[in-house]
Number of protein chains: 2
Amino acid sequence: MARRATNPASSDLDARKATILEAVVSEHIDTAQPVGSSSVASSADIGVSPATVRSEMVSLEREGYLAQPHTSAGRIPTDKGYRYFVDHLTSGVLGAVQQQQVSDFFANVRGEVEDVLEQTSTLLSQLTRYTAVVMGATHANSSVLSAQLVNIDAHHQLLVTVFSDGAVIKHSLTPNFDVNYETCAEASRQLNALLIGTTMETPVQVPSRHDHAAVLVRDAVAALHAQQPTADGDNVFIGGSSRVADSFEGVETVRKVLSILEQELLVVSLVEDMLKRGLSVAIGSENGFEPLSACAVVVAPVTIDGAPAGAVGLLGPTRMKYQEAMAAAGAVSQHLARHFGGDEENANH
Amino acid sequence: MARRATNPASSDLDARKATILEAVVSEHIDTAQPVGSSSVASSADIGVSPATVRSEMVSLEREGYLAQPHTSAGRIPTDKGYRYFVDHLTSGVLGAVQQQQVSDFFANVRGEVEDVLEQTSTLLSQLTRYTAVVMGATHANSSVLSAQLVNIDAHHQLLVTVFSDGAVIKHSLTPNFDVNYETCAEASRQLNALLIGTTMETPVQVPSRHDHAAVLVRDAVAALHAQQPTADGDNVFIGGSSRVADSFEGVETVRKVLSILEQELLVVSLVEDMLKRGLSVAIGSENGFEPLSACAVVVAPVTIDGAPAGAVGLLGPTRMKYQEAMAAAGAVSQHLARHFGGDEENANH
DNA sequence: GACTAGCACTCGGTACAATTGAGTGCTAAC
DNA sequence: GTTAGCACTCAATTGTACCGAGTGCTAGTC
């Protein structure tokens with residue numbers, strides 16, 4: 001037991017074990033069935049008999065890469081097995097048809113940023129047959145181009161703020177005094193002067209007077225700054241959630257996954273957590289959400305001019321086609337960056 | 001065959017048949033199982049033996065109200081059976097706990113209209129355990145309070161229009177000439193003058209000159225008016241889509257329903273179609289979408305001061321608890337109307 | 001004439017045993 | 001170290017019998 005040192009820190013397997021593990025994983029991804037020793041032995045380039053494969057499999061199982069549903073069945077990969085597989089994956093390339101599909105999409109897409117992101121999420125989910133997530137950039141680093149207070153009626157004003165990234169955010173004010181047109185216009189003027197050029201995180205020197213306009217200005221600034229830039233969820237688009245239903249066979253699993261997807265803030269935090277940890281793939285329990293323990297998540301950041309500008313992601317079963325998914329996510333994230341970044345470059349040029 | 005006149009126009013059944021049908025429907029809604037003659041006979045106030053019930057059931061089956069999964073099983077209602085049941089339903093009242101829950105929600109809810117509607121859809125789905133739809137009013141009848149053109153950069157302008165119902169809509173302009181700050185400000189001034197007080201459907205006399213500001217104005221008006229007021233889908237909120245997974249047992253049905261729900265425009269057209277036809281319940285094939293043939297949809301319009309201001313809806317299996325669903329949808333729609341209408345009344349007062 | 005007790009019949013569901021076969025672990029020989 | 005051979009395990013399939021819920025029909029009763 002102690003002789004053959006099992007080195008837990010080493011994630012390296014001897015070459016043959018690696019080949020076997022990879023064969024098991026990729027066949028299981030294709031067939032969704034437990035994989036037996038004979039099909040591994042016959043497949044590919046292992047010039048070795050099933051018996052030898054079996055003894056290697058026993059060892060792989062001891063080390064936690066494989067599991068056996070029951071005694072007389074083949075092996076299926078554990079999360080750790082998938083992890084090894086993914087870590088040793090040569091990065092694939094998107095198929096030509098799909099590449100064309102992506103190019104066509106970005107050549108023809110038009111409309112507001114939100115519409116583009118929404119449609120992108122649908123595209124990505126069609127490309128991969130998995131559920132797709134597309135997140136836009138937070139407005140935290142954008143500066144205010146215009147802030148306007150609109151008088152809806154005497155007790156309702158709307159602060160409409162336009163940011164340099166094209167985002168428009170509104171906040172309702174409901175003061176407990178009557179506001180006439182002039183007061184509102186005056187407050188609007190002050191807000192504009194005060195906020196233009198600031199970001200949502202810049203502290204602002206609000207007027208300390210007590211006249212109605214000043215109160216409106218203070219309330220408006222407070223409303224604007226109260227907004228959690230990360231936690232708004234306005235900028236998250238989930239496409240192809242119906243794919244969840246054909247990724248898992250149990251209705252109960254489908255329900256659990258859907259109920260997570262419903263809470264877009266959870267999805268945002270999951271993706272951001274992955275980006276923060278530098279992960280591009282989270283397998284099973286790695287994603288930290290128990291209801292998603294049957295899922296794998298692939299993410300790719302969208303980077304414009306070196307700055308983070310959102311992310312795209314894919315959610316599928318742990319036996320997802322990682323190579324395809326990563327290729328698709330990567331391609332779409334790059335196209336997105338070019339789509340939005342390219343414009344700005346032209347303009348700044 | 002021709003003697004006992006089967007009057008197809010008459011949806012009236014003799015009293016006993018009606019009782020039996022209702023017993024079958026309500027028991028099947030509870031148990032999801034085929035209902036046999038003996039349980040109908042023992043249940044409730046039918047002072048009649050199972051044999052009599054059976055012969056009535058044969059007749060009900062011939063008339064299309066009931067169906068038999070197989071020879072030696074009980075009966076299940078057809079869509080027509082559910083329809084009769086629903087048409088003869090005494091309108092129920094929401095349970096006290098749930099009533100309280102709704103009141104609490106509307107007493108505490110705050111935020112922008114969209115947030116309120118979004119949260120309302122979650123509330124409604126929690127109340128009923130079905131998937132909920134909440135639609136806001138179209139902006140077709142709202143008038144423009146403010147129209148502003150913001151210069152993002154030389155080739156990107158943003159038309160930000162604020163409507164009297166508090167809606168803020170943005171449209172990107174990408175002219176093929178450079179726009180400086182003054183031109184943009186001038187166009188903005190003209191747009192404001194031109195659009196204030198109009199609705200999205202009011203024709204507007206645009207300037208016919210060819211200077212840059214005039215072109216911007218024309219493009220902006222065109223962009224605004226190109227927006228389909230019904231087809232925007234910005235105003236639809238679907239809550240509790242994960243409930244679909246426990247409304248149906250087959251994964252395939254779940255997938256089909258989800259894929260319809262993903263297309264919010266379809267949902268909008270379904271609900272609007274029902275409202276137009278004056279239906280409050282659509283059962284099975286009545287909703288006109290084949291993939292939703294296993295679903296029933298309950299809708300309730302939201303009416304503020306007599307004007308349509310949106311709708312709420314519920315989607316569940318055809319064996320849904322219609323009374324509860326209708327009560328919940330009705331209560332929520334009324335609360336919504338009061339929530340948004342009440343405010344305005346105070347303000348107009 | 002309407003109702004019902006009685007009865008033969010149907011057929012899905014369950015329980016059980018037998019069979020099959022994919023796949024294993026072990027061992028002895030190469 | 002590898003592998004052929006073999007006994008073993010166990011899920012899945014098949015077949016059989018049976019149960020029982022529920023039916024339709026008929027003959028008799030009120």
Side-chain angles (χ1 to χ4, degrees), chain A residues 1 3-5 13-21 23-25 27-28 30-78 81 249-250, chain B residues 1 3-5 13-21 23-25 27-28 30-78 81 249-250:
Chain A
M1 200 198 257
R3 213 177 25 172
R4 181 163 197 88
L13 296 170
D14 95 60
R16 196 171 62 187
K17 272 188 192 150
T19 318
I20 291 174
L21 176 55
V24 171
V25 174
E27 185 170 335
H28 183 256
D30 280 350
T31 64
Q33 298 296 323
V35 181
S37 57
S38 61
S39 67
V40 170
S42 67
S43 96
D45 30 39
I46 313 158
V48 111
S49 80
T52 312
V53 173
R54 277 203 289 281
S55 76
E56 295 285 48
M57 279 172 141
V58 171
S59 148
L60 282 167
E61 185 170 356
R62 237 195 331 257
E63 293 169 55
Y65 293 99
L66 294 177
Q68 228 177 347
H70 56 86
T71 323
S72 70
R75 304 300 209 292
I76 58 174
T78 61
E249 51 300 330
Chain B
M1 201 197 254
R3 212 175 31 171
R4 181 162 196 87
L13 296 170
D14 94 58
R16 198 171 60 187
K17 271 188 193 150
T19 319
I20 291 174
L21 177 54
V24 171
V25 175
E27 183 170 337
H28 182 256
D30 279 349
T31 65
Q33 297 296 323
V35 181
S37 57
S38 62
S39 68
V40 171
S42 67
S43 96
D45 30 39
I46 313 159
V48 111
S49 80
T52 311
V53 173
R54 278 203 288 281
S55 76
E56 295 285 47
M57 279 171 142
V58 171
S59 148
L60 282 167
E61 185 171 356
R62 237 194 331 258
E63 293 170 54
Y65 292 100
L66 295 178
Q68 226 177 349
H70 56 86
T71 323
S72 70
R75 303 302 208 289
I76 57 174
T78 61
E249 51 299 332

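Throughout, a chain's letter reflects where its sequence line sits, starting with A, and its residues are numbered from 1.
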- [ ] Using heavy atoms to find the nearest nucleotide of DNA chain C for A/Pro34 and B/Thr52 separately, return the residue whose nucleotide is more 5′.
- [x] B/Thr52

What is the distance, rounded to the nearest whole Å, between atom [atom1] of [X] and atom [atom2] of [N]?
{"X": "B/Glu61", "N": "D/dT23", "atom1": "CD", "atom2": "P", "result": "10 Å"}
{"X": "A/Glu56", "N": "D/dG1", "atom1": "CD", "atom2": "P", "result": "11 Å"}
{"X": "A/His28", "N": "C/dA22", "atom1": "NE2", "atom2": "P", "result": "18 Å"}
{"X": "A/Leu66", "N": "C/dG23", "atom1": "CG", "atom2": "P", "result": "15 Å"}
{"X": "B/Arg62", "N": "D/dG24", "atom1": "CZ", "atom2": "C1'", "result": "12 Å"}
{"X": "A/Arg16", "N": "D/dG1", "atom1": "CZ", "atom2": "P", "result": "10 Å"}
{"X": "B/His70", "N": "D/dG20", "atom1": "NE2", "atom2": "P", "result": "17 Å"}
{"X": "B/Glu27", "N": "D/dA21", "atom1": "CD", "atom2": "P", "result": "14 Å"}

Please pick, from [options], the nucleotide with the shortest atom-to-atom distance to any side-chain atom of [X].
{"X": "B/Val58", "options": "C/dG25, C/dC11, D/dG24", "answer": "D/dG24"}
{"X": "B/Ser49", "options": "D/dA4, C/dA5, C/dT24", "answer": "C/dA5"}
{"X": "A/Gln68", "options": "D/dT2, C/dG25, D/dG24", "answer": "C/dG25"}
{"X": "B/Val48", "options": "C/dT4, D/dT3, D/dG24", "answer": "C/dT4"}
{"X": "B/Thr71", "options": "C/dT10, C/dT24, C/dC7", "answer": "C/dT10"}

Open item on the list: Given 3.5 Å as the limit, does a donor-acceptor pair link the side chain of A/Ser37 with the main chain of A/Val53, or not?
Closed with: no

Task: Pairwise distance CD(A/Gln33) to CD(A/Glu27) - rounded to 0.5 angstrom - done: 10.0 Å

TODO: May I ask you to check whether B/Ser59 and B/Glu63 show a side-chain donor-acceptor distance below 3.5 Å?
DONE: yes

Open item on the list: Counting distance alone, no hydrogens or angles: does the base of D/dT9 have a donor or acceptor under 3.5 Å from a partner atom on the side chain of A/Ser72?
Closed with: yes

Task: Any A/Arg54 side-chain N or O less than 4.0 Å from OP1/OP2 of D/dG5 - done: no

Task: Any B/Arg75 side-chain nitrogen or oxygen under 4.0 Å from OP1 or OP2 of D/dG22 - done: no

Task: Side-chain heavy-atom pair A/Thr52, A/Arg16 within 4.5 angstrom cut-off - done: yes

Task: Note, A/Val40 side chain near A/Met57 side chain (heavy atom, < 4.5 Å) - done: yes

